[in-house]
Structures are given as structure tokens and as C-alpha cells.
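One-based numbering along the sequence shown.
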Amino acid sequence: MLNYVIKRIFYMIPTLFGLSLIAFMIIQLPPGDYITSLIASMQDSGANVDPRQVERLREVYGFNDPIWIQYFKWITGILFRGDFGYSFEWNRPVADLIWERMGSTLAISIASLLFVWAVALPIGIYSAVRRHSVGDYFFTFVGFIGLAVPNFILALTLMYVSYRFFGQSVGGLYSPEYIDAPWSWGKFLDLLNHLWIPIIVIGTSGTAAMIRVLRANLTDELHKPYVITAKAKGLPEYKVVLKYPVRIALNPFVSAIGWVLPELVSGVTITAIVLNLPTAGPLLLRALISQDMYLAGSFILLMGVLTLIGMLVSDLLLALLDPRIRFT
């Protein structure tokens, strides 16, 4: 098992290098750069643009350097100093902007992932064991609704319900009086009062999909000879179902970690904008629009790192669930 872990970690090194190249190339593909976007914005507002000032800015920000020199400065700063560069639009170090957003992003992402597992696992098992029952049809109907309704529509609905019936301030993660307040028990409870809306909104579609996947996989396992033999020998049904079929059917849950982590960071941008959440998605969108290259590139690289970490965790958990994987 140790050799398997070492091998997987070793494979991540060249992959990370390739990801950094791709991330830097992606933000260089659109024509122009941040200075070009800034000049266009100034001209649209009627301001005069001094060519000498433009050239000075290009020299200060290093836009006149060859691309490979810009990449070398960026990647060496990350590796040796933890310096992700400087955000031109925010006039702040990129690292400060990332860490400000990643705390709330990871909190919402992990809570949403736990919500998906806590809801989808028991419902998926029930739907597979009690196929074509009233409960199975009910959960199937609810699951299809969860897949069909856009997240931002559900977000707006829950915001209205929260404000109309519970008198709760909507938008953001805190009430106005707690936004700049130091941490306290009251602020923590206020966070919990606001956190349930993004958790339900973000986790709904993932929950519906996981229920269908688990139901299908577990249904296949329940009709295999080893399950039929165990039932024929008189083993209780809950032992027959939980000991082996569920363990094998859990593979989709575990393998989903690889794509769930980056998806939760970047895939809920519209929902985060609607709910006014201080997460990474809206900041990444704004950086891409303004061509804030170091901020956008750092976020893209970070999502790649999260994908690799998620794949590593899922591979290790799959190896624990299925011993055959350790020896492949």
C-alpha cells in the first residue's frame, strides 16, 4: 500500500508542472492583456490615455518581457517564496486575495459535499432495495426535480422563503452586524443560519445525481450470485446488503471526490453571485474578464491542484474499499 501511495504522489509532480504551463498559457491566449483592457475602459469613460504612461505600466508589470520569462518569474515565485504575483485590478498580492476567499469557499464546499453524501447514501440504498415502491417513486421524482431546476432559481426561492417566513437577512454568510465583528458564539450561530441556503442549493443537483448512480450500481450488485447465495443461507437482509454490495456500489461516491472539489470551487459561480457569497468563483470570473493574469492563472492552477488532491484521495479510498486496486 505504501508503494502505491508513493507512486501516485510521484506521478503528481510532472502533472503539476504541466498544469502550471497550461494555466499560464490559457490566460495568455486572449488578445491583449490587462493594460489593453484598462485602456479600453478609460477610453469608454472619455478619459485621455497617455502613450508614455501606458508604456511605463507595461514595463512595470513586465508585459514587455517574453512569455517564457513571465512564466519563469511566476512559477519560481510560487515555488520558492509562496508569491503568486500581484493583482493589477485589486492592487494587492494575489496570495492575500486567494486566502481571503478560500476559507469560506472550502467551508461551503466541504459542508455541501457532506450534505450530498448524508442524503444520497441512505436514499440510494433504500431506492435500490425497495425498487418500484412508493418511496422509490417519490425519491425518483424529487431527484429529477433537483436535476432539472437551475441552482440560481432554487437560490432565489430559498432566499424569499428565508426572508418572508423567518425574517432572516438574505445574501452573504453573515448578517450586517456580524460582517466585521470578531469571532464569537453569536457570529458562529449567525453563520449557521446563513449557511443552510448555499449548502442546499449547491448540494441539490449533486445529491440527485448520486442517488441515481448508487441506485443503479447497487441494483446490479443485489442480483449477483454471491448475494443470492448469502440470502439463501439465511443471513439477515441488512447484513447481506451492507457488508459487500453497498461497499462495492460506493465506488462512484469515492471516485467523485476528484471532480467534486474543483467543481464546488468554480462550478457554482452564478449561485455565488446570486447569494452574494465571498467565494472564489466570482473573483475568478472577474479576473478572467479583466485579464488580471496572475490572479486568474493562480486560481486555474489552484483548481488543478485541488483536482489532483481529490484524485489522490479518491484513489486511496478506492484502494481501501477494493484491495484489487492496490496491486494494479
Within the supplied structure, the quantity of interest is the number of heavy atoms (other residues, nucleotides, ligands) at a distance under 6.0 Å from Trp99 CH2; does it exceed 12?
no
For a quick test of reading the model, state the closest non-hydrogen atom pair linking Leu158 to Ile200 and the distance between them.
CD1-CG2, 3.9 Å
Once you measure the plane-to-plane angle for Tyr137 and His132, does it fall in the parallel (<30°), tilted (30-60°) or perpendicular (>60°) bin?
tilted
Does either side chain, that of Thr140 or that of Arg212, offer a donor lying less than 3.5 Å from an acceptor on the other one?
yes
Would Val129 and Ile228 show up in the same hydrophobic cluster when neighbours are defined by side-chain heavy atoms closer than 4.5 Å?
no
Just checking Tyr71 against Trp68, ring centres under 6.0 Å apart?
no
Report whether Leu21 and Ile75 are members of the same hydrophobic cluster (ILVMFWY, side-chain heavy atoms less than 4.5 Å apart, transitive linking).
yes
So, taking the atom named NZ in Lys224 and the one named OG1 in Thr229, what distance separates them when rounded to the nearest 0.5 Å?
13.5 Å
Of all heavy-atom pairs linking Leu19 and Leu301, the shortest is C-CD1, 4.2 Å
Between the CG atom in Asp136 and the OG atom in Ser127, the distance rounded to the nearest 0.5 Å is 4.5 Å
If hydrophobic clusters are built by linking Ile, Leu, Val, Met, Phe, Trp and Tyr wherever their side-chain heavy atoms come under 4.5 Å apart, do Phe10 and Val305 end up in the same one?
no
Atom of Pro245, atom of Val241 and distance for their closest heavy-atom approach:
CD-O, 3.3 Å
Same cluster or not: Leu79 versus Ile9, using hydrophobic residues (I, L, V, M, F, W, Y) connected whenever any side-chain heavy atoms lie under 4.5 Å apart?
yes
Does Arg130 reach the side chain of Phe139, with side-chain heavy atoms less than 4.5 Å apart?
no
Would you please name every residue forming a ring-ring contact (aromatic ring centres under 6.0 Å, His included) with Phe115, sequence neighbours left out?
none
Is there a chain of hydrophobic side chains (I, L, V, M, F, W, Y, each step under 4.5 Å between heavy atoms) that links Phe17 to Phe72?
no
